[in-house]
Amino acid sequence: MSPEGSEDTGDPEVADETAEAEPSLRAALEAILLVVDEPVAEVTLAQVLERPSREIAEALTALSAEYTAAGRGFDLREVAGGWRLYTRAECAALVERFVRDGQQTRLTQAALETLAVVAYRQPVSRARVAAVRGVNSDGVMRTLTARGLVEEAGTDPESQAMLYRTSSYFLERLGLRSLEELPALAPFLPDDVENLEEQPK
């Protein structure tokens, strides 16, 4: 018998209590996903949780399916090379009503047009964007860059003009995994779009 007050660090009950204090993989993933402000990659989660990447991927997929099956108001999606929690589309109106503060945060028509040109023509220079739109777009490009939707992508080897492309934040905001998921433009364009684009206005 151990003397009163002595510690027995080899006690299996103590070891069991320590083991029980560790959260499950699903609980750990949920805790991290609740605090991230951008999609987090599977490899990052694997490093933090010290688990194999395959196990992380399987757990994330299972959680996503579980949330959908249960009809939760949030969804776990894989976008822009990582995973993040989002509110479901059918709850958008309610969420918008809750967070609306009376200020317009939507992009202007000019900004949307410029962003579309960059998305489908990237990497593209400001001059090329202006040629497509028929109007100077420098101010709009600065706005899109400031909002993190567009970023610099090096310089043109011939003209040395700065080139721009959409960012991973752009993919995140649109809920896309990659640019390949952008909808095709062909059905919405006139047959002589190339000629129209080059005509001076």
Side-chain angles (χ1 to χ4, degrees), residues 22-109 111-124 140-141 143-153 164-188:
E22 291 293 325
S24 67
L25 176 57
R26 286 191 171 195
L29 287 171
E30 288 176 328
I32 293 173
L33 290 168
L34 278 172
V35 299
V36 299
D37 56 4
E38 60 183 20
V40 57
E42 292 172 3
V43 63
T44 301
L45 292 169
Q47 292 172 348
V48 172
L49 300 177
E50 299 180 341
R51 299 288 189 94
S53 293
R54 178 180 298 179
E55 187 177 353
I56 296 295
E58 292 175 351
L60 289 168
T61 301
L63 279 173
S64 180
E66 180 181 311
Y67 297 154
T68 299
R72 298 287 183 85
F74 55 88
D75 183 22
L76 177 56
R77 302 182 211 158
E78 183 181 10
V79 295
W83 292 79
R84 185 180 177 186
L85 291 169
Y86 293 85
T87 53
R88 290 200 181 275
E90 52 266 37
C91 298
L94 297 174
V95 174
E96 183 178 358
R97 187 189 309 166
F98 176 76
V99 301
R100 186 185 302 146
D101 59 3
Q103 295 183 2
Q104 291 293 330
T105 58
R106 294 181 179 178
L107 294 176
T108 63
Q109 183 66 30
L112 289 173
E113 290 176 3
T114 302
L115 187 57
V117 174
V118 175
Y120 285 94
R121 295 279 187 164
Q122 61 186 307
V124 63
V140 181
M141 286 290 286
T143 297
L144 293 174
T145 302
R147 291 198 179 191
L149 295 168
V150 169
E151 62 188 11
E152 295 181 354
Y164 294 86
R165 66 188 175 199
T166 53
S167 63
S168 58
Y169 180 61
F170 167 81
L171 293 177
E172 178 190 342
R173 297 300 296 171
L174 266 67
L176 303 176
R177 291 187 178 89
S178 70
L179 293 173
E180 294 178 357
E181 294 187 355
L182 282 171
L185 279 181
F188 306 99

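Leu174 places none of its side-chain heavy atoms less than 4.5 Å from the side chain of Glu181. Annotation: side chain of Pro39 is in contact with side chain of Tyr86 (closest heavy-atom distance under 4.5 Å). Residues Leu144 and Tyr164 fail the side-chain proximity criterion, which asks for heavy atoms closer than 4.5 Å. Here the side chains of Glu151 and Tyr169 are not in contact, with every heavy-atom distance at 4.5 Å or above. In this structure the side chain of Val150 never reaches within 4.5 angstrom of the side chain of Phe170, judged on heavy atoms.
Without hydrogens or angle criteria, Arg26 side chain to Ala59 main chain gives no donor-acceptor distance under 3.5 Å. At least one donor-acceptor pair under 3.5 Å links the side chain of Ser167 to the backbone N or O of Gly148. Side-chain atoms of Ser64 come within 3.5 Å of backbone atoms of Leu76 as a donor-acceptor pair (strictly under, hydrogens ignored).
A pairwise comparison of heavy atoms in Ala46 and Pro52 identifies CB-C, 4.3 Å as the closest pair. Counting all heavy atoms, side chain and backbone alike, Arg177 lies closest to Glu78 at CG-O, 3.4 Å.
Atom-to-atom distance recorded for Leu149:CG and Thr166:OG1 is 9.0 Å, nearest 0.5 angstrom. If you take CG on Leu63 and CG on Asp75, they are separated by 11.5 Å, rounding to the nearest 0.5 Å. Atom CG of Leu85 and atom CD1 of Ile32 lie 11.5 Å apart (nearest 0.5 Å). In this structure, the separation between CD1 on Ile56 and CD on Gln47 is 10.5 Å, given to the nearest 0.5 Å. The CG atom of Leu60 sits 10.0 Å away from the CD atom of Glu30 when rounded to the nearest 0.5 Å. With rounding to the nearest 0.5 Å, the separation of CD in Glu113 from CG in Leu107 is 11.5 Å.
When each of Thr61, Leu29, Val36 is checked for a side-chain contact (heavy atoms from CB on, under 4.5 Å) with Trp83, only Thr61 meets the rule.
Annotation for Arg77: atom CZ counts as buried by contact number, over 12 foreign heavy atoms lying within 6.0 Å.
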- Task: Starting from the C-alpha separation in whole Å, work towards a yes-or-no answer on side chain to side chain contact (heavy atoms under 4.5 Å, CB included) for Arg88 and Thr68.
- Result: CA-CA 9 Å; Arg88 290 200 181 275; Thr68 299; 3.1 Å; yes
